[in-house]
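Shown next, in structure tokens, is the structure this report addresses.
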Amino acid sequence: MAPPKQELVFAPLGGVGEIGMNLSIYGLGNERRRQWLMVDLGVSFAAEEHLPGVDLILPDIRYLVDERRNIAGLVLTHAHEDHFGAIIELWPQLKVPIFATPFTAALLEAKRASEPGAPQIPVTIVPLGSRFDVGPFNIELVTMAHSIPESNALIIRTPTGTVLHTGDWKIDPTPILGDVTDEKKLRALGQEGCLALVGDSTNAVREGRSPSEADVRKTITELVKTARGRVAVTTFASNVGRLRTVAEAARAAEREVVIVGRAMDRITQIARETGYLDGVPDFRPVDAYGYLPPNKVVALCTGSQGEPRAALSRIAADEHPDVTLSRGDRVIFSARTIPGNEKEVGRVMNGLIEQGIEVITDRTHLVHVSGHPRRAELEELISWVKPKVLIPVHGEALHLSEHAALARKCGVPEVLQCRNGDLVRLSPDVRIIDEVPAGRIYKDGTLLVSAEARTVADRKRLSFAGHVTIALALTEQGVLAADPELDLMGIPERDRDGGLIEEAVYDIVLDTVEQLPRARKRDPDAVAEAVRRAVRACVAQRWGKKPMCHVHVLTV
Ligand SMILES: [Zn+2]
Ligand SMILES: [Zn+2]
């Protein structure tokens with residue numbers, strides 16, 4: 001019998017149907033045995049109101065843990081959290097070789113060093129634009145412009161076909177930092193033949209092209225120059241090109257840059273070490289702020305997402321030990337507000353405005369641009385690479401379907417939309433052939449818990465409708481041996497008519513136990529369930545909400 005044909009397969013285990021938590025795998029072999037290449041291992045951030053107490057959302061890697069002996073390695077496209085944020089948590093379960101370019105590797109190492117107890121994680125550093133083997137996969141890095149240094153697309157060459165995995169990218173002819181998107185290499189790939197393009201869909205709903213970082217530089221330079229008092233700029237610390245822009249704007253206005261916030265400190269140090277701030281005068285430490293005249297300083301702050309413990313939130317609340325702002329000063333939000341953070345960001349902005357501080361955002365000034373391709377850029381990439389198949393990733397359903405429609409319009413012969421966990425065969429033919437386990441896990445305190453576990457759902461119910469605990473002591477005949485003990489948490493004290501809810505609960509407990517048929521009274525579980533139902537109904541009638549309720553029955 002002939003051995004089964006070699007297949008090339010692809011499966012997203014995160015990042016499809018959502019923005020965040022990117023994790024893709026490529027497999028080479030057949031259904032009996034495949035060798036795997038992992039691309040990226042990112043996180044999503046949890047919105048407090050939806051997932052109380054959860055810090056991070058990580059991809060479920062059950063499938064990879066089972067397959068770990070067949071994983072040749074993990075290649076990182078860039079150092080954004082949605083692409084590399086889960087490594088410290090999850091790598092110990094896999095222990096696969098990691099490949100990254102110098103800046104990404106340095107950021108990973110710095111992050112690891114800042115987390116007590118984090119494991120040693122060996123990383124093979126590969127140069128930008130290089131070509132190397134990971135098991136049976138030959139990888140070539142393609143430099144792409146993005147909002148962090150060293151974003152790489154991957155050309156993945158295999159005996160059965162070549163894939164372009166774009167990572168995050170845009171076309172920016174004047175990116176401030178690093179090289180422009182490597183059009184030549186992408187066109188050459190088009191000549192050579194590209195089977196599949198697996199690509200960033202984030203901005204597929206937006207017409208035209210992303211403005212350039214150089215346009216942002218123009219605006220920020222002007223805003224720093226025309227400011228009369230102090231200037232504070234907040235942006236993502238990892239956007240080193242933007243940090244450079246702020247530094248150059250400060251120099252042009254004869255101001256000094258003070259770094260405020262730990263993440264900003266950490267990244268500027270790495271950016272210096274890796275050469276991305278060459279030629280930029282040294283920044284001043286935060287304690288210099290107090291000595292500099294208002295028209296001689298620019299504070300570069302963390303906290304663009306309204307994070308309560310970050311520098312800008314503390315400054316806005318007038319709680320920062322070193323940095324204050326006052327009437328007439330100017331704050332520039334040089335970042336997009338990530339959906340879900342609007343309230344927190346609004347709180348910081350309002351705090352500043354109430355103090356008479358001028359707040360400038362991208363609603364009125366070009367102080368921020370996205371690092372992702374809009375439609376004209378997506379079209380251009382397709383025209384360079386000429387893929388036979390296009391698979392949209394890195395987006396929510398709307399972004400994916402717009403990207404797919406655009407690809408069809410551009411004449412890509414086959415466009416395939418898939419979901420996290422779909423196993424897609426790319427060659428010899430293209431279709432979804434199977435499903436592999438995929439999902440999410442939560443970082444809850446110091447533990448990783450399944451998203452299906454009840455804990456977080458329980459916590460949400462608790463926060464919404466409170467809790468009642470009841471302890472009953474029953475004789476073997478089912479007679480109450482003592483008064484019931486009640487404990488109500490998070491429930492209003494009185495109902496609309498002024499009656500005490502606790503009293504009503506107490507009465508209903510007594511009535512319920514009394515009215516149970518004798519046989520059921522002798523069954524502690526039956527008593528507990530009857531009381532639980534009665535209590536929830538009783539509170540619901542008076543309050544309009546059903547609390548959680550636990551009944552403990554002791555037989556004495
Ligand atoms: Zn990114
Ligand atoms: Zn991303």
Side-chain angles (χ1 to χ4, degrees), residues 12-24 38-46 56-59 74-87 100-101 103-108 111 128 141-154 164-172 175-181 197-206 210 213 216 235-243 263 267 270-271 276 304-305 334-341 368-374 377-378 381 391-400 403 420 440:
L13 299 181
V16 174
E18 62 192 344
I19 296 208
M21 209 178 85
N22 294 286
L23 167 54
S24 296
M38 292 171 66
V39 180
D40 291 336
L41 186 53
V43 291
S44 290
F45 293 95
L56 288 175
I57 306 170
L58 299 89
L74 161 61
V75 181
L76 304 178
T77 60
H78 65 295
H80 273 150
E81 291 294 323
D82 61 322
H83 295 259
F84 93 148
I87 293 170
T101 55
F103 182 78
T104 303
L107 270 194
L108 179 61
K111 196 177 164 205
L128 287 166
L141 302 180
V142 187
T143 295
M144 305 297 261
H146 185 42
S147 46
I148 189 170
E150 300 185 4
S151 197
N152 300 285
L154 310 181
L164 178 71
H165 184 101
T166 69
D168 293 1
W169 66 282
K170 69 185 283 192
I171 296 172
D172 187 340
I176 303 290
L177 203 70
D179 290 328
V180 296
T181 292
L197 189 160
V198 176
D200 181 354
S201 309
T202 315
N203 278 345
V205 293
R206 303 185 72 176
S210 275
E213 279 294 329
V216 173
T235 184
F236 286 112
S238 60
N239 193 336
V240 180
R242 201 66 59 76
L243 306 187
I267 292 191
I270 292 164
Y276 287 108
S304 67
Q305 300 304 307
S334 181
R336 177 181 83 110
T337 302
I338 293 173
N341 296 341
H368 175 68
V369 287
S370 164
H372 298 276
R374 295 191 187 175
E377 293 161 85
L378 293 170
L381 181 70
I391 302 179
V393 297
H394 204 290
E396 295 170 0
L398 175 70
H399 311 122
L400 302 175
H403 192 184
N420 288 338
R440 358 178 81 195

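Just follow the structure's listing: the first ligand is 1, and inside any ligand the first atom is 1.
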* Asked: At what distance, to the nearest 0.5 angstrom, does OG of S238 lie from NE2 of H78?
  -> 8.5 Å
* To do: Flag D82 as yes if one of its N/O/S atoms falls below 2.8 Å of the Zn ion (ligand 2), otherwise no.
  => yes
* **Angular separation of H78 NE2 and H80 ND1 about the Zn ion (ligand 1), given to 10°** => 100°
* For the Zn ion (ligand 1), decide whether H372 has an N, O or S atom at a distance under 2.8 Å. => no
* Would you say S24 and D40 make side-chain contact, with heavy atoms under 4.5 Å? -> no
* Are H394 and H403 near enough that their ring centres are under 6.0 Å apart? -> no
* Asked: Sub-3.5 Å donor-acceptor pair from the side chain of S304 to the main-chain atoms of R336, do we have one?
  -> no
* Output yes if D168 passes the N/O/S-under-2.8 Å test against the Zn ion (ligand 1); output no otherwise. => yes
